[in-house]
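Here is the structure we will look at.
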Number of protein chains: 2
Amino acid sequence: MVSAALVGQVIQSYRLRKGMSQEVLSGLAGLDRTHYSKIERGLRSPTLDTLFKIAQALDIPPSDIVRQIEQQISEYPEP
Amino acid sequence: MVSAALVGQVIQSYRLRKGMSQEVLSGLAGLDRTHYSKIERGLRSPTLDTLFKIAQALDIPPSDIVRQIEQQISEYPEP
DNA sequence: ATGTGACTCTAAGTCCGTT
DNA sequence: AAACGGACTTAGAGTCACA
(Lines give C-alpha, C1' and ligand atoms only; values in the text may rest on other atoms or scores of the structure.)
Protein backbone atom coordinates (compact mmCIF):
# COMPACT_ATOMS: atom_id res chain seq x y z
CA MET A 1 0.00 0.00 0.00
CA VAL A 2 1.38 3.34 -1.06
CA SER A 3 0.53 6.34 1.08
CA ALA A 4 -1.28 8.98 -0.93
CA ALA A 5 0.27 11.61 1.32
CA LEU A 6 3.75 10.44 0.37
CA VAL A 7 2.97 10.58 -3.32
CA GLY A 8 1.64 14.10 -2.95
CA GLN A 9 4.67 15.16 -0.97
CA VAL A 10 7.06 13.86 -3.63
CA ILE A 11 5.13 15.50 -6.44
CA GLN A 12 4.96 18.79 -4.59
CA SER A 13 8.69 18.85 -3.99
CA TYR A 14 9.29 18.41 -7.72
CA ARG A 15 6.87 21.22 -8.49
CA LEU A 16 8.43 23.63 -6.03
CA ARG A 17 11.88 22.80 -7.36
CA LYS A 18 10.64 23.86 -10.79
CA GLY A 19 9.20 27.05 -9.31
CA MET A 20 5.77 26.33 -10.76
CA SER A 21 2.38 27.15 -9.30
CA GLN A 22 -0.32 24.50 -8.99
CA GLU A 23 -2.25 26.48 -11.55
CA VAL A 24 0.44 26.31 -14.20
CA LEU A 25 1.30 22.69 -13.55
CA SER A 26 -2.27 21.46 -13.60
CA GLY A 27 -2.81 23.44 -16.78
CA LEU A 28 0.12 21.77 -18.49
CA ALA A 29 -1.01 18.37 -17.28
CA GLY A 30 -4.55 18.95 -18.46
CA LEU A 31 -5.93 18.45 -14.97
CA ASP A 32 -8.35 20.53 -12.96
CA ARG A 33 -6.45 22.72 -10.50
CA THR A 34 -8.50 21.68 -7.49
CA HIS A 35 -8.11 18.06 -8.41
CA TYR A 36 -4.36 18.43 -8.56
CA SER A 37 -4.41 20.29 -5.27
CA LYS A 38 -6.06 17.30 -3.61
CA ILE A 39 -3.48 14.93 -5.01
CA GLU A 40 -0.66 16.99 -3.52
CA ARG A 41 -2.33 16.93 -0.14
CA GLY A 42 -2.91 13.20 -0.28
CA LEU A 43 -6.68 13.45 -0.47
CA ARG A 44 -6.61 11.60 -3.79
CA SER A 45 -4.16 9.02 -4.95
CA PRO A 46 -3.47 9.37 -8.67
CA THR A 47 -3.90 6.64 -11.23
CA LEU A 48 -0.94 5.61 -13.33
CA ASP A 49 -2.42 7.65 -16.13
CA THR A 50 -2.63 10.81 -14.05
CA LEU A 51 0.91 10.27 -12.79
CA PHE A 52 2.17 10.23 -16.38
CA LYS A 53 0.34 13.50 -17.09
CA ILE A 54 1.90 15.15 -14.04
CA ALA A 55 5.36 13.88 -14.95
CA GLN A 56 4.92 15.26 -18.44
CA ALA A 57 4.01 18.67 -17.04
CA LEU A 58 7.06 18.53 -14.78
CA ASP A 59 9.14 17.55 -17.80
CA ILE A 60 10.62 14.53 -16.06
CA PRO A 61 10.33 10.78 -16.62
CA PRO A 62 7.46 9.25 -14.62
CA SER A 63 9.87 6.61 -13.35
CA ASP A 64 11.82 9.36 -11.58
CA ILE A 65 8.79 10.16 -9.47
CA VAL A 66 8.18 6.49 -8.75
CA ARG A 67 11.82 5.94 -7.82
CA GLN A 68 11.66 8.89 -5.47
CA ILE A 69 8.60 7.38 -3.81
CA GLU A 70 10.43 4.08 -3.41
CA GLN A 71 13.35 5.83 -1.76
CA GLN A 72 11.09 7.66 0.65
CA ILE A 73 9.45 4.38 1.59
CA SER A 74 12.77 2.67 2.24
CA GLU A 75 14.13 5.61 4.21
CA TYR A 76 11.01 6.15 6.25
CA PRO A 77 9.27 2.75 6.39
CA GLU A 78 5.57 2.84 7.16
CA PRO A 79 4.26 0.94 10.20
CA MET B 1 -2.52 9.04 -21.87
CA VAL B 2 -0.98 5.67 -21.14
CA SER B 3 -2.29 2.71 -23.10
CA ALA B 4 -3.69 0.08 -20.76
CA ALA B 5 -2.75 -2.58 -23.28
CA LEU B 6 0.88 -1.52 -23.13
CA VAL B 7 0.93 -1.62 -19.35
CA GLY B 8 -0.56 -5.10 -19.38
CA GLN B 9 1.92 -6.27 -21.95
CA VAL B 10 4.89 -5.04 -19.92
CA ILE B 11 3.60 -6.59 -16.72
CA GLN B 12 2.88 -9.89 -18.41
CA SER B 13 6.38 -10.12 -19.83
CA TYR B 14 7.81 -9.66 -16.34
CA ARG B 15 5.50 -12.34 -14.97
CA LEU B 16 6.37 -14.87 -17.68
CA ARG B 17 10.05 -14.18 -17.16
CA LYS B 18 9.56 -15.15 -13.53
CA GLY B 19 7.66 -18.27 -14.59
CA MET B 20 4.69 -17.38 -12.40
CA SER B 21 1.02 -18.05 -13.04
CA GLN B 22 -1.55 -15.27 -12.82
CA GLU B 23 -2.99 -17.08 -9.85
CA VAL B 24 0.25 -17.08 -7.86
CA LEU B 25 1.12 -13.51 -8.77
CA SER B 26 -2.28 -12.09 -7.94
CA GLY B 27 -2.19 -14.03 -4.69
CA LEU B 28 1.15 -12.53 -3.70
CA ALA B 29 -0.03 -9.08 -4.69
CA GLY B 30 -3.27 -9.43 -2.78
CA LEU B 31 -5.33 -8.77 -5.88
CA ASP B 32 -8.35 -10.50 -7.27
CA ARG B 33 -7.25 -13.00 -9.92
CA THR B 34 -9.84 -11.92 -12.48
CA HIS B 35 -8.94 -8.32 -11.93
CA TYR B 36 -5.27 -8.99 -12.53
CA SER B 37 -6.23 -10.92 -15.66
CA LYS B 38 -8.05 -7.88 -16.97
CA ILE B 39 -5.06 -5.66 -16.30
CA GLU B 40 -2.81 -7.92 -18.36
CA ARG B 41 -5.31 -7.89 -21.19
CA GLY B 42 -5.57 -4.10 -21.08
CA LEU B 43 -9.19 -4.09 -19.97
CA ARG B 44 -8.26 -2.26 -16.76
CA SER B 45 -5.47 0.21 -16.11
CA PRO B 46 -4.02 -0.18 -12.62
CA THR B 47 -3.77 2.56 -10.03
CA LEU B 48 -0.38 3.56 -8.72
CA ASP B 49 -1.17 1.59 -5.63
CA THR B 50 -1.93 -1.58 -7.57
CA LEU B 51 1.22 -1.15 -9.62
CA PHE B 52 3.27 -1.14 -6.42
CA LYS B 53 1.56 -4.33 -5.27
CA ILE B 54 2.27 -6.06 -8.56
CA ALA B 55 5.90 -4.96 -8.48
CA GLN B 56 6.21 -6.27 -4.95
CA ALA B 57 4.83 -9.64 -6.05
CA LEU B 58 7.29 -9.66 -8.95
CA ASP B 59 10.05 -8.74 -6.52
CA ILE B 60 11.20 -5.81 -8.64
CA PRO B 61 11.20 -2.04 -8.09
CA PRO B 62 8.00 -0.39 -9.34
CA SER B 63 10.12 2.16 -11.18
CA ASP B 64 11.49 -0.66 -13.34
CA ILE B 65 8.03 -1.35 -14.67
CA VAL B 66 7.36 2.33 -15.25
CA ARG B 67 10.69 2.79 -16.99
CA GLN B 68 9.90 -0.16 -19.22
CA ILE B 69 6.57 1.43 -20.13
CA GLU B 70 8.35 4.70 -20.97
CA GLN B 71 10.77 2.88 -23.24
CA GLN B 72 7.97 1.09 -25.05
CA ILE B 73 6.24 4.41 -25.61
CA SER B 74 9.36 6.05 -27.02
CA GLU B 75 10.15 3.07 -29.22
CA TYR B 76 6.63 2.60 -30.49
CA PRO B 77 5.01 6.05 -30.26
CA GLU B 78 1.24 6.06 -30.21
CA PRO B 79 -0.67 8.00 -32.86
C1' DA C 1 -2.51 31.32 -5.85
C1' DT C 2 -4.49 27.58 -2.87
C1' DG C 3 -7.94 24.90 0.16
C1' DT C 4 -12.45 22.88 0.74
C1' DG C 5 -17.10 20.70 0.33
C1' DA C 6 -20.37 18.95 -2.67
C1' DC C 7 -21.56 17.09 -6.26
C1' DT C 8 -21.75 13.60 -11.04
C1' DC C 9 -19.59 10.29 -13.88
C1' DT C 10 -16.53 6.76 -14.84
C1' DA C 11 -13.46 3.11 -13.96
C1' DA C 12 -10.96 0.39 -10.49
C1' DG C 13 -11.49 -3.40 -7.71
C1' DT C 14 -14.31 -7.50 -5.65
C1' DC C 15 -17.06 -11.56 -6.07
C1' DC C 16 -20.09 -14.73 -8.24
C1' DG C 17 -19.91 -17.66 -12.02
C1' DT C 18 -18.89 -20.44 -17.00
C1' DT C 19 -16.00 -21.84 -21.08
C1' DA D 1 -4.16 -22.28 -15.62
C1' DA D 2 -6.41 -18.60 -17.97
C1' DA D 3 -10.11 -16.02 -20.74
C1' DC D 4 -14.52 -14.15 -20.24
C1' DG D 5 -18.91 -12.32 -18.36
C1' DG D 6 -22.29 -10.06 -15.00
C1' DA D 7 -23.43 -7.47 -10.94
C1' DC D 8 -21.88 -5.02 -7.33
C1' DT D 9 -19.10 -1.43 -4.21
C1' DT D 10 -15.60 1.91 -3.82
C1' DA D 11 -12.81 5.70 -5.16
C1' DG D 12 -10.54 8.57 -8.56
C1' DA D 13 -11.61 11.93 -12.45
C1' DG D 14 -13.54 15.94 -13.45
C1' DT D 15 -16.17 20.21 -12.31
C1' DC D 16 -18.05 24.21 -9.61
C1' DA D 17 -18.88 27.80 -5.93
C1' DC D 18 -16.84 29.79 -2.39
C1' DA D 19 -13.57 31.08 1.08
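This is a predicted model, so every value here is computed, not measured. Note on naming: letters A, B, ... go to the chains in the order of the sequence lines (proteins, then strands), and numbering restarts at 1 for each one.
- Between the OH atom of B:Tyr36 and the C1' atom of C:dA12 there is a distance of 16 Å, rounded to whole Å.
- The nucleotide whose nearest atom lies closest to any side-chain atom of B:Asp32 is, among C:dC15, C:dG17, C:dT4, C:dC15.
- Using a 4.0 Å cutoff to heavy atoms of chain B, the contacted part of DNA chain D runs 5' to 3' from D:dA1 to D:dG6.
- Within the nucleic acid shown, B:Thr34 comes within 4.0 Å of at least one base atom, counting heavy atoms only.
- Annotation: of the two residues near DNA chain D, B:Arg41 and A:Thr50, the 5′-most nearest-nucleotide partner is B:Arg41.
- For B:Glu70 (side chain) and A:Ser63 (main-chain N/O), a donor-acceptor pair under 3.5 Å exists by modelled atom type.
- As judged by a 4.0 angstrom heavy-atom cut-off over every strand, B:Lys53 is placed among residues making no nucleic acid contact.
- Rounded to an integer number of Å, the gap from CD of A:Glu23 to C1' of C:dG3 is 13 Å.
- Between the CD1 atom of A:Ile39 and the C1' atom of C:dG3 there is a distance of 15 Å, rounded to whole Å.
- Atom CZ in B:Arg44 sits about 10 Å away from atom C1' in C:dT14, given to the nearest Å.
- Between the A:Lys53 side chain and the A:Gly30 main chain, no donor and acceptor come within less than 3.5 Å of each other.
- When distances run from any side-chain atom of B:Lys38 to the nucleotides C:dG17, C:dT14, C:dG13, the shortest one goes to C:dT14.
- For B:Glu40 and C:dA12, the CD to P distance is 16 Å, given to the nearest whole Å.
- Between B:Arg33 and C:dC16 there is no side-chain N or O to OP1 or OP2 distance below 4.0 Å.
- Between atom CE of residue A:Met20 and atom CG of residue A:Leu28 there is a gap of 4.5 Å, rounded to the nearest 0.5 Å.
- In the hydrophobic clustering of this structure, B:Ile39 groups with B:Val24; members are Ile, Leu, Val, Met, Phe, Trp, Tyr whose side-chain heavy atoms approach within less than 4.5 Å, directly or through other members.
- Residues A:Met20 and B:Thr47 each lie close to DNA chain C; by heavy-atom proximity, the contact nearer the 5' end of the strand is made by A:Met20.
- Separating the NE2 atom of B:His35 from the P atom of C:dC15 is a distance of 12 Å, rounded to the nearest angstrom.
- Mapping A:Leu43 and B:Gln22 onto DNA chain D via the closest heavy atom, the residue that lands nearer the 5' end is B:Gln22.
- The side-chain tip of B:Arg33 does not point at the ring of B:Tyr36 from less than 6.0 angstrom away and within 45° of straight on.
- Using modelled atom types and a 3.5 Å distance limit, the side chains of A:Ser37 and A:Thr34 yield no donor-acceptor pair.
- If you measure from atom CG of B:Leu48 to atom C1' of C:dA11, you get 16 Å, rounded to the nearest angstrom.
- Distance from the side chain of B:Pro46 is smallest for C:dG13 among the nucleotides C:dG3, C:dG13, C:dC15.
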Check against side-chain contact (heavy atoms from CB on, under 4.5 Å), B:Leu25 and B:Lys18: CA-CA 10 Å; B:Leu25 175 41; B:Lys18 294 273 181 176; over 6 Å; no

